[in-house]
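Please read the structure below before turning to the comments.
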Amino acid sequence: MSISKTYEPKATEEKWYSYWLEHDFFRSVPDEREPYTIVIPPPNVTGVLHMGHMLNNTIQDVLIRRARMKGKNACWVPGTDHASIATEAKVVAMLKEKGIAKKDLTRPEFMAHAWEWKEKYGGIILEQLKKLGASCDWERTRFTMEDELSEAVIDTFIHLYKKGQIYRGVRMVNWDPQGKTAVSDEEVIRKEVNQKLYYIRYKVVSPESEVLSQDSAPAYLTIATTRPETIMADAAICINPNDERYFHLHGKTVLIPLINRQIPVILDEYVTMDFGTGCLKVTPAHDLNDYELGQKHNLPVIDILNDDGTLNENAQILVGEDRFAARKKIAVLLETDGYLEKVEEYKSQIGFSERTDAVIEPKLSMQWFCRMDEMAKPALDYVLKGDIKLIPEKFINTYRNWMENVRDWCISRQLWWGQQIPAWYLPNGQFVIAKTREEAFEEAMKLKGESVKLKAEDLKQDEDVLDTWFSSWLWPISVFDGFKDPNNADINYYYPTNDLVTAPEILFFWVARMIMAGHEFRGEIPFKNVYLTGIVRDKLGRKMSKSLGNSPDPLGLIEKYGADGVRVGMLLCSPAGNDLMFDESYCEQGSRFANKIWNAFRLVKGWEVNETLENNNELAIEWFESRFNQALTEIEDFFAQYRISDALMATYKLVWDDFCAWYLEMVKPEYQQPIDRETLNRTVKFFEDILKILHPFMPFISEELWHDEELFGERPAYDCCIVAQLPSNGKINTQLLSDIEIVKQIVTQIRNIRNQKQIAPKEKLALSVKANSAVPYKTYEAIICKSANINHFNIVGDKVVGAMSFMVSTDEFYVPLNETLDPVAECAKLKKDQEYFIGFLRSVNLKLGNERFMSNAKPEIIEVELRKKADAEAKLKIIEENLDALAC
RNA sequence: GGGAGUUUAGCUCAGCUGGUUCAGAGCAUCUGCCUUACAAGCAGAGGGUCACUGGUUCGAACCCAGUAACUCCCA
């Protein structure tokens, strides 16, 4: 029976994925086994698979498959996030295309459209993950806005409110004037942009409103700002009290140009003396730092902007103009009236909304906040004490830095898609927190006391919804219904989960908050290890993004290279915690690897057994067994350290180099010759073990080959590679391993001679060995002869003259050739070696002659040096003898 | 401005608390092979002043100080 010459992934992948599904291999229910649990970082329900997901989910799948094959009850919970801002933006855009404006819809109408959209297009990404081979328990798929999870969100809000952790307050938030919503710090993208720095004069007056005159001319101070349109909101001018240039301004006031409002000059060391003019305009309503400075100095807050970014009446001038138009116009006005001193080009960082790309406006608004300080402390301790490990460790510092300087979390969003805040307002502005209108009414009645005029319909629920992260921080608990039913079998069994695989950019606003929630609601950590992947960049180091168009289509890659190839490709270039420079060629390497495995399989499959043959491959078999067990330990070690790409590389080399290039070549019969039963059986067993260790990385090809009836016999329906138990550590013959390393060197040297002398691999050669060491070369005769195509193998006591020679450690090897040797070239080669060893010996002797070295270095180091010396001397002796023999 | 990190072969990265034969891997490169498992392959080779400058040490890619370049986070 013959199989195709190349591996064809497509049909294989579809076949086995459905087979796994049909046989419930991904399904997990609590039982007596040890659980191993991962909750997926829920992708946005609007999302489509990108390279970041590919990496993330490949790693999770490798971990979960490995756990499954180690006999654990592996449970990978999938799901999606409702992603309030992103989804609402998509729905609004979709409605706009249909000619419907959000403002013309009622809230329930809008929500109906949004749900319809979600049902139709949402969750595509989960289907895409299946193509990658993700072995999630799909029956457990959750959505952060499904009823039960929403209920958990509302309950936790109420719980935290009652504890005093949630409050309502006026705060500076990042305002998106286009989306007309507050956005979190994390949703603000900072970009460096070219701006103009305007130098504006303010007239200095005494507090008594007299214009201060020096030589009867009015005095001015000059400030530098990039936002001249906000001068109408100024509350003060601040200077550094140590600034000698401005001592004369202490206690003075100034007039804001154009509107002539009087504001004080205040002193604070916050001001940098050498930036701009050293005078800072303080605009508490429109700048975060200014706001804090204003709070410190009790300055009034004058907000001159509307929600859409236009100027309001407080501005007095340019009312109704957009902020950017106003900026241009006010510059002209200032110029005309002689207040504009100069304008400079200036580069600075500006925040943009991740969703709408509008310039973020710092804005004071009434928002809901969750206090962080108390919650941060235990969450920090878990990580510092090592209860939760961050991988790589370098993120611990970053984490600590953030947790020690944590700010309260703004949890309200001016959107409709999400969990509506359970706050109910009475007509008089008072509010109550309750789950339903009825409960709110009861609460309100208590508040009102005897006033019976209030009706339930009079209560108005807060229009805002909660931040998406306010639901995803509950994810590891809520997917197991830990809020609805805190003692159910699932949560007790699966929680705390084991590993969380996510991107470092959401370490704070997701990972840290899950840890807080875990502590707050379960008194326990939510997961034991956090593996932080890198950011997927293109090979120029740019972040992959839609706008750059530098992101390959993941499904296209799978189509082209096969899921196994792409998985290998992703892992090959992903060192833990470092960004990875993705290049398609890695996937190509992956698919070539799949093909290599496929062809090795074809070879073994093609062997015919002759039952009468004896096994003469015992050494090769024992060697590979040792090598396999050694590699198994290495791979295990790498996994323990979450060095997944190293584990893959160790597997890759074991299969390609040790198994294919050495072992199969050692045991492979001559063309069309049969093989003995024992060698075939052992080789088939090796292959089966190899399929097992490959499976977590390359699930499809390993499963496909696993079911080959010719090699493995017919397997029962549930005997699948996906649930096979990984091989356990076996014995390692270290002597044999090191001997074979020497054998490999000999073979390489002979191949090298062939290469140099242009001798075809087919042509047989003779080899003489003059052994000066204890290596039993006779034992390895068969292997050497086969691998190097030698037909005469002699152990000799004397040097062989007129032959090509080389040394491996201190043993000498001779390959006689038909042609006569070029003595000049041989001499030159020997002399070069001699020179090297003389130099080497000199440096070793220098070390050994150094009294300080001898008295300071550890004994084992000295021993090594002595061995080096003896070795080099022995080699030099041989080289000299050879030089003599050649008479040069 | 504050904090964290990076800099080792053409590329992507290893190199554990300083000490085996003058730094390793994969890919890429070069040379030679269509040697019937695989040319998506085989065999072999070349390639590095470990960013720079000082210091500590018998000994530094590794420790310390400074410099430069880049990246990320926070403001």
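Treat the numbers as computed from the prediction; the structure is a model and nothing was measured. Residue numbering restarts at 1 for every chain, and letters A, B, ... go by the order of the sequence lines. These numbers come from the heavy atoms of this one structure, side chains and all, not from hydrogens, waters or symmetry mates.
- B:rA69 and B:rU8: their C1' atoms are spaced 16 Å apart (whole Å).
- Taking every heavy atom of residues 556-564 of chain A and every atom of RNA chain B, no pair lies under 4.0 Å.
- Taking atom CD of A:Q589 as the reference point, atom P of B:rG41 lies 10 Å away to the nearest angstrom.
- Partners of A:Q630 according to the side-chain hydrogen bond (donor to acceptor under 3.5 Å, both in side chains) rule, which considers only residues two or more places apart in sequence or in another chain, are A:R627.
- At a threshold of 4.0 Å, the pair A:E634-A:R643 does not count as salt-bridged, since none of the basic side-chain nitrogens sits closer than that to a carboxylate oxygen.
- Side chains of A:Q735 and A:D739: a donor on one and an acceptor on the other come within 3.5 Å.
- Taking 4.0 Å as the cut-off between side-chain N and carboxylate O, A:K653 and A:D658 do not count as a salt-bridged pair.
- Distance CZ/A:F840 to CG/A:N845: 10.0 Å, rounded to 0.5 Å.
- When the side-chain nitrogen and oxygen atoms of A:Y586 are compared with OP1 and OP2 of B:rC11, none of them lie within a distance under 4.0 Å.
- Salt bridge status for A:E880 with A:K877: absent, with no side-chain N to carboxylate O gap under 4.0 Å.
- Counting any heavy atom pair closer than 4.0 Å across all strands shown, A:F837 reaches a base atom.
- When rounded to the nearest whole Å, the span between CD1 of A:I862 and P of B:rC58 equals 14 Å.
- We find that CG of A:N174 is positioned 13 Å from C1' of B:rC74, with the value rounded to whole Å.
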### Query
How does protein reach along nucleotides 33-40 of chain B, written 5' to 3' as B (base within reach of a heavy atom under 4.0 Å), S (only sugar-phosphate), or - (no contact)?
--BBBBSB
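- Using atom P as the reference point in both B:rC58 and B:rA68, the two lie 32 Å apart (nearest Å).
- Closest to the side chain of A:K847, out of B:rG15, B:rG19, B:rG5, is B:rG19.
- Qualifying ring-ring contact (aromatic ring centres under 6.0 Å, His included) partners for A:W598, counting only residues two or more places apart in sequence or in other chains: A:Y7.
- Between A:I506 atom CD1 and B:rC73 atom P the separation is 13 Å, expressed in whole Å.
- B:rC16 sits 15 Å from B:rG24 when the C1' atoms are compared, rounded to a whole Å.
- Evaluation of the side-chain hydrogen bond (donor to acceptor under 3.5 Å, both in side chains) rule for A:N789 yields A:K764 as partners, not counting sequence neighbours.
- Residues meeting the salt bridge (charged side-chain N to carboxylate O under 4.0 Å, His left out) test with A:E636, sequence neighbours left out: A:R66, A:K70.
- Across B:rG41 and B:rA61, the matching P atoms stand 37 Å from one another, rounded to whole Å.
- Here the C1' atom of nucleotide B:rC27 and the CG atom of A:L572 are 9 Å apart, to the nearest Å.
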### Summary
Writing each nucleotide of RNA chain B 5' to 3' as (, ), [, ], | or . by Watson-Crick or G-U pairing under 3.5 Å yields (((((((..((((.....[....)))).(((((.......))))).....(((((..]....)))))))))))).
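- Listed by chain and residue number, A:D689 satisfy the salt bridge (charged side-chain N to carboxylate O under 4.0 Å, His left out) test with A:K685 (two or more places apart in sequence, or in another chain).
- With the nearest nucleotide of RNA chain B identified for both A:V864 and A:N401, A:N401 has the one nearer the 5' end.
- B:rU29 and B:rG46 are spaced 9 Å apart, taking the C1' atom of each and rounding to whole Å.
- B:rU6 and B:rC63 have their P atoms separated by 10 Å, with the value rounded to a whole Å.
- Protein atom CZ of A:R400 is 15 Å distant from nucleotide atom C1' of B:rG2, rounded to whole Å.
- Between A:Y652 and A:F593, the ring planes are tilted. Angles from 30° to 60° get that label.
- Comparing B:rA9 with B:rA23, their P atoms sit 14 Å apart, to the nearest whole Å.
- Taking 4.0 angstrom as the limit, A:N752 places a side-chain polar atom (N or O) nearer than this to OP1 or OP2 of B:rA45.
- Map A:T748 and A:E865 each onto its nearest nucleotide of RNA chain B; the residue landing nearer the 5' end is A:E865.
- Under the 30°/60° scheme for interplanar angles, the aromatic rings of A:Y399 and A:F508 are found to lie parallel.
- Rounded to the nearest 0.5 angstrom, A:I746 CD1 and A:Q749 CD are separated by 9.0 Å.
- Remark: A:D290 pairs with no residue by the side-chain hydrogen bond (donor to acceptor under 3.5 Å, both in side chains) rule, at least two apart or across chains.
- Between the CD atom of A:Q749 and the C1' atom of B:rA43 there is a distance of 14 Å, rounded to whole Å.
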Please write out each protein N/O paired with an N/O of nucleotides 22-25 of chain B under 3.5 Å, distance rounded to 0.1 Å.
residue, atom, partner, partner atom, Å
B:rA25, O2', A:K653, NZ, 3.0

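- Cation-pi geometry between A:R682 and A:W607 is not met at under 6.0 angstrom from the ring centre and within 45 degrees of the axis.
- Spacing between B:rG32 and B:rG18 at atom P, rounded to whole Å, works out to 47 Å.
- With sequence neighbours excluded, the residues that form a side-chain hydrogen bond (donor to acceptor under 3.5 Å, both in side chains) with A:T679 are A:N615, A:N617, A:D676.
- A:T6 and A:N595 form no side-chain donor-acceptor contact under 3.5 Å, judged by distance and modelled atom types alone.
- In this structure, CZ of A:F509 is placed 12 Å from C1' of B:rC73, rounded to the nearest angstrom.
- For residues 849-860 of chain A, proximity to RNA chain B is found at A:N850, A:R852, A:F853, A:N856, A:A857, defined as any non-hydrogen atom under 4.0 angstrom from a strand atom.
- Looking only at atom types and distance, the side chain of A:T683 has a donor-acceptor partner in the side chain of A:Y663 under 3.5 Å away.
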